[in-house]
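Everything on this sheet refers to the single structure shown next.
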Amino acid sequence: MHAPSTSRPAIGVALVIGSCLSLPFGAAIAVQLFPALGSWGVASLRITIAALVVMLLVRPRLRRWNRQQWGAATLFGLTLAGMNGFFYAAIERIPLGPAVAIEFIGPLVLAAVLTRRRADAIWVGVAIIGIALLGIDGMIGQDPLDLLGVLFVLVAAGFWVLYIRMSARVGALIPGAGGLAVALAVAAVVLLPFGIPATITAVSDMNLLLLAALTALLASVIPYTFELAALRRIPQRVFGVLLSLEPAFATLAGFTMLGQLVSPLKLLAIALVIAASVGTTLTLRKKKGADASQQPPPPVTAYTGSIPVVPD
């Protein structure tokens with residue numbers, strides 16, 4: 001990846017914030033489609049529309065690919081399908097803010113496992129305290145979290161870990177965005193059985209189809225574009241810290257668009273997860289500065305639902 005330009009960092013910051021706003025508001029629109037199309041049907045429509053748009057924009061030269069590249073892109077697509085499908089199934093049952101906060105535990109644990117540093121273990125501990133507070137609030141609060149929804153988002157977090165690993169492999173094997181385009185196409189095919197009934201319903205109602213297209217635009221196309229542009233303008237450590245604000249934006253989207261109220265205990269839990277993500281991102285940078293002569297750790301930092309973030 002090219003070194004980011006520091007001449008226009010404010011634009012880069014604005015692009016990342018725009019992406020963080022776009023993603024949860026896209027998810028909030030998706031939630032409104034669930035009663036008519038189902039969560040898995042909406043996930044299928046979103047991925048299919050995004051795959052068509054990205055394929056048309058990128059136009060990967062597939063004839064030049066070897067078996068290893070095809071295998072990596074296919075596995076990448078399978079992780080995309082699982083991650084998006086289970087996350088949408090989760091937010092059908094639990095509010096956006098807690099869902100995104102719980103999902104962040106996946107990359108945070110991966111960071112601690114791969115780097116094996118005390119600082120990362122401490123930050124994972126902070127995140128676990130936050131998740132525990134969500135559990136306590138779910139048991140004693142007035143608005144308990146649906147257990148099946150929590151299970152779904154934990155599965156999505158597991159797929160997020162696989163996504164981070166596979167996205168790094170695809171990035172190493174396939175230049176440009178061709179790997180992402182093919183992965184989206186694979187994910188669209190995997191989710192197709194869920195998408196056929198939803199598509200039949202959507203094409204009979206133009207309003208539903210437009211909302212599905214808007215979901216794909218806000219939750220996929222805009223974030224991909226903004227984040228790629230941002231990474232050319234700001235350091236990846238800054239990028240990762242800004243992405244750590246995503247649970248807060250998700251909470252805002254859930255409140256403003258869906259009327260999802262969040263208790264003080266849930267807000268504290270989300271704040272702890274954000275702090276853990278910020279801390280993990282910053283300590284990755286410190287590790288590199290203190291040990292510049294050694295190989296940097298594998299890409300393990302935060303994810304926004306679109307672009308993998310690796311330590312710079």
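Sequence positions, counted from 1, serve as the residue numbers for this chain. Hydrogens, waters and symmetry mates are skipped; everything else that's a heavy atom, side chains included, is used.
- When the side chains of ILVMFWY residues are joined at heavy-atom separations under 4.5 Å, either directly or via intervening members, Val53 and Val42 end up in a single hydrophobic cluster.
- Under the 4.5 Å side-chain criterion, counting only non-hydrogen atoms from C-beta, Val150 is not in contact with Asp146.
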Solution key, residues 190-217 side-chain donor-acceptor pairs under 3.5 Å, sequence neighbours excluded:
from	atom 1	to	atom 2	distance (Å)
Thr199	OG1	Gly195	O	2.7
Thr201	OG1	Pro197	O	3.1
Ser204	OG	Thr201	O	2.6
Asp205	OD1	Asn207	N	3.0
Thr215	OG1	Leu211	O	2.9

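- In plain terms, the two heavy atoms of Gln69 and Ile174 that are nearest each other are O-CD1, 3.7 Å.
- Expressed to the nearest 0.5 Å, how far CE of Met166 lies from CG of Leu75 amounts to 4.5 Å.
- Between Met83 and Tyr163, the shortest heavy-atom contact is CE-CD1, 3.8 Å.
- Taking the side chain as every heavy atom from C-beta outward, Phe76 and Val186 never approach each other to under 4.5 Å.
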Side-chain donor-acceptor pairs of residues 85-94 under 3.5 Å, sequence neighbours excluded:
from	atom 1	to	atom 2	distance (Å)
Tyr88	OH	Arg46	NH1	3.4
Glu92	OE1	Ser39	OG	3.1

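- Within the 4.5 Å cutoff, the side chain of Leu151 has heavy atoms near those of the Leu148 side chain.
- For the atom pair CG (Leu62) and CH2 (Trp70), the distance works out to 4.5 Å, reported to the nearest 0.5 Å.
- The two residues Ile47 and Ala187 have their closest heavy-atom pair at CG2-CB, 3.7 Å.
- Note on Leu52 and Leu57: separate hydrophobic clusters, where clusters join Ile, Leu, Val, Met, Phe, Trp and Tyr whose side-chain heavy atoms are under 4.5 Å apart, directly or indirectly.
- Residues Val189 and Leu184 do not share a hydrophobic cluster, defined by chaining ILVMFWY side chains whose heavy atoms lie under 4.5 Å apart.
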Can you list the steps and then say if Leu154 with Glu103 is a side chain to side chain contact (heavy atoms under 4.5 Å, CB included)? CA-CA 6 Å; Leu154 287 173; Glu103 196 184 20; over 6 Å; no
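- To the nearest 0.5 Å, atom CG of residue Leu180 and atom CG of residue Leu80 are 7.0 Å apart.
- Counting only heavy atoms from C-beta outward, the side chains of Ser19 and Leu23 approach each other to under 4.5 Å.
- For the residue pair Arg61 and Trp65, the shortest heavy atom distance occurs at O-CD1, 3.4 Å.
- Taking all atoms of both residues into account, the shortest heavy-atom contact from Ala185 to Ala51 is N-CB, 3.8 Å.
- Here the closest heavy-atom approach between residue Gly178 and residue Pro60 is recorded as CA-CB, 3.8 Å.
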